Amino acid sequence: DDYRDGNKSAKPDVQAYSILINAWSKSKRQDAAMEAESLLKEMVDLHDTLDLKEGPNIFTYTGVINCWSNSNSTEAPQRALQILKTMISKYKEEGNENMRPDTICYGSVMGSYATRGDPEGANEVFAMMRDDFKSGNTHAKPGIQAYRILIEAWAKSGNNNSLVEVEKILKEINQAHESGELVNGPNKSTYTAVIECLKQHQGTEDRIQALGGDEGNFRRRDKTEDRNQALGGDQGNFRRRGQLFALRRPPSAVHRVNR
């Protein structure tokens, strides 16, 4: 309103919209995701008409994805996936690195499916991430966190085949780690997720005990190291986001993103 009343210094920019979207991502209101997506669409429209100099970027898109991932709406996973696909499409059309999805974006969408016990949906997004990485997106390399989300999706699915599937994923993790494709192998949270799935099946006591020993080997590790392993490739994406943020923010703001 102040801008419309003539105060040219009060013109909303991408940072103002990002702050609003971030606020909605932390809101408990049922309409939070709809409100956040509405702001995103408003940004796109204003940018198309040149009323907004800078359009949505990876921060704003990820913020809206997070809103949907945190939503209880039955359509949340599909809405989050659609936004992810929009990011991919826009990057291909415009070549703008500021909106190219990374493991954080993919992981958030995967998590939306996993929370609802939908391994097929989570695996679809995982396959998209892997294909994106193979096509040249170094920021979309699947890490141990993505594999853990897949395991959690199966654990919550109630599927009779979940036991077989999580063992396949664990084997894939170990093989990828041994070959050097995956920097970090299974960690405490990985084993915990597998054990939670095994507990749902009879006759898995010995396997649970064996994995429990492996899980215990991680408990003595420094908490910071354990967190770094869980994040895996996401660390580089936090640094990347800090670099993108630096293009238009003062050093103090960049420091907050990189922490």
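Quick note: residue numbers are just sequence positions, from 1. What you see is a predicted model; the values in this text were computed from it and never measured.
Hydrophobic clustering (ILVMFWY, side-chain heavy atoms < 4.5 Å, transitive): Val44 and Leu46 are in one cluster. Placement of Leu170 and Ile208 within a single hydrophobic cluster is found when ILVMFWY residues are connected by side-chain heavy-atom separations under 4.5 Å, directly or transitively.
Rounding to the nearest 0.5 Å places CG of Leu81 at 12.0 Å from CE of Met110. Between Asn98 atom CG and Met87 atom CE the span is 10.0 Å, to the nearest 0.5 Å. If you take CG on Asp102 and CZ on Phe133, they are separated by 13.5 Å, rounding to the nearest 0.5 Å. Between the CD atom of Glu54 and the CD atom of Gln15 there is a distance of 10.0 Å, given to the nearest 0.5 Å.
Residues forming a side chain to side chain donor-acceptor pair (under 3.5 Å) with Lys41 (at least two apart in sequence, or on another chain): none. Legend: residues meeting salt bridge (charged side-chain N to carboxylate O under 4.0 Å, His left out) with Lys168, ordered by chain and number and at least two apart, are Glu165. Taking the side chain to side chain donor-acceptor pair (under 3.5 Å) definition, one finds that Glu37 meets it with Trp68, Arg79, sequence neighbours left out. The ring-ring contact (aromatic ring centres under 6.0 Å, His included) test applied to Tyr147 returns Phe126, not counting sequence neighbours. Every residue meeting the side chain to side chain donor-acceptor pair (under 3.5 Å) condition with Ser108, not counting sequence neighbours, appears here in chain and number order: Asn66, Ser69. By the side-chain contact (heavy atoms from CB on, under 4.5 Å) test, Leu20 is found to be paired with Leu39, residues two or more places apart in sequence or in another chain being considered. Under the side chain to side chain donor-acceptor pair (under 3.5 Å) criterion, His201 pairs with Ser162, not counting sequence neighbours. A search for side-chain contact (heavy atoms from CB on, under 4.5 Å) contacts involving Ala36 returns Ile21, Trp24, Val64, Cys67, not counting sequence neighbours. Under the side-chain contact (heavy atoms from CB on, under 4.5 Å) criterion, Lys26 pairs with Asn22, not counting sequence neighbours. Taking Lys90 as the reference, Tyr61, Thr86, Glu94, Met99 meet the side-chain contact (heavy atoms from CB on, under 4.5 Å) condition, with sequence neighbours excluded.
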Compile the donor-acceptor pairs under 3.5 Å between side chains in residues 111-119 and protein atoms, sequence neighbours left out, one pair per line.
{"residue": "Ser112", "atom": "OG", "partner": "Arg116", "partner atom": "NH1", "Å": "3.4"}
{"residue": "Thr115", "atom": "OG1", "partner": "Gly111", "partner atom": "O", "Å": "2.8"}
{"residue": "Arg116", "atom": "NH1", "partner": "Ser112", "partner atom": "O", "Å": "2.8"}
{"residue": "Arg116", "atom": "NH2", "partner": "Ser71", "partner atom": "O", "Å": "2.4"}
{"residue": "Arg116", "atom": "NH2", "partner": "Ser73", "partner atom": "O", "Å": "3.3"}
{"residue": "Asp118", "atom": "OD1", "partner": "Glu120", "partner atom": "N", "Å": "3.3"}
{"residue": "Asp118", "atom": "OD1", "partner": "Gly121", "partner atom": "N", "Å": "2.9"}

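Nearest approach of Pro12 to Leu52, heavy atoms of both residues: O-CD1, 3.4 Å.
Remark: Asp48 CG is packed, more than 12 non-hydrogen atoms of other residues, nucleotides or ligands lying under 6.0 Å away. Surrounding CG of Asn161 are more than 12 heavy atoms belonging to other residues, nucleotides or ligands, all under 6.0 Å away.
Comment: Glu152 does not engage Lys156 in a salt bridge, judged by the lack of any side-chain N to carboxylate O separation of less than 4.0 angstrom.
For Thr192 (side chain) and Lys188 (main-chain N/O), a donor-acceptor pair under 3.5 Å exists by modelled atom type. Judged purely by atom type and a 3.5 angstrom limit, Thr62 has no side-chain atom pairing as donor or acceptor with the backbone of Phe59.
Residue pairs that meet the salt bridge (charged side-chain N to carboxylate O under 4.0 Å, His left out) test with at least one member in residues 129-139, sequence neighbours left out, are Arg130-Glu172.
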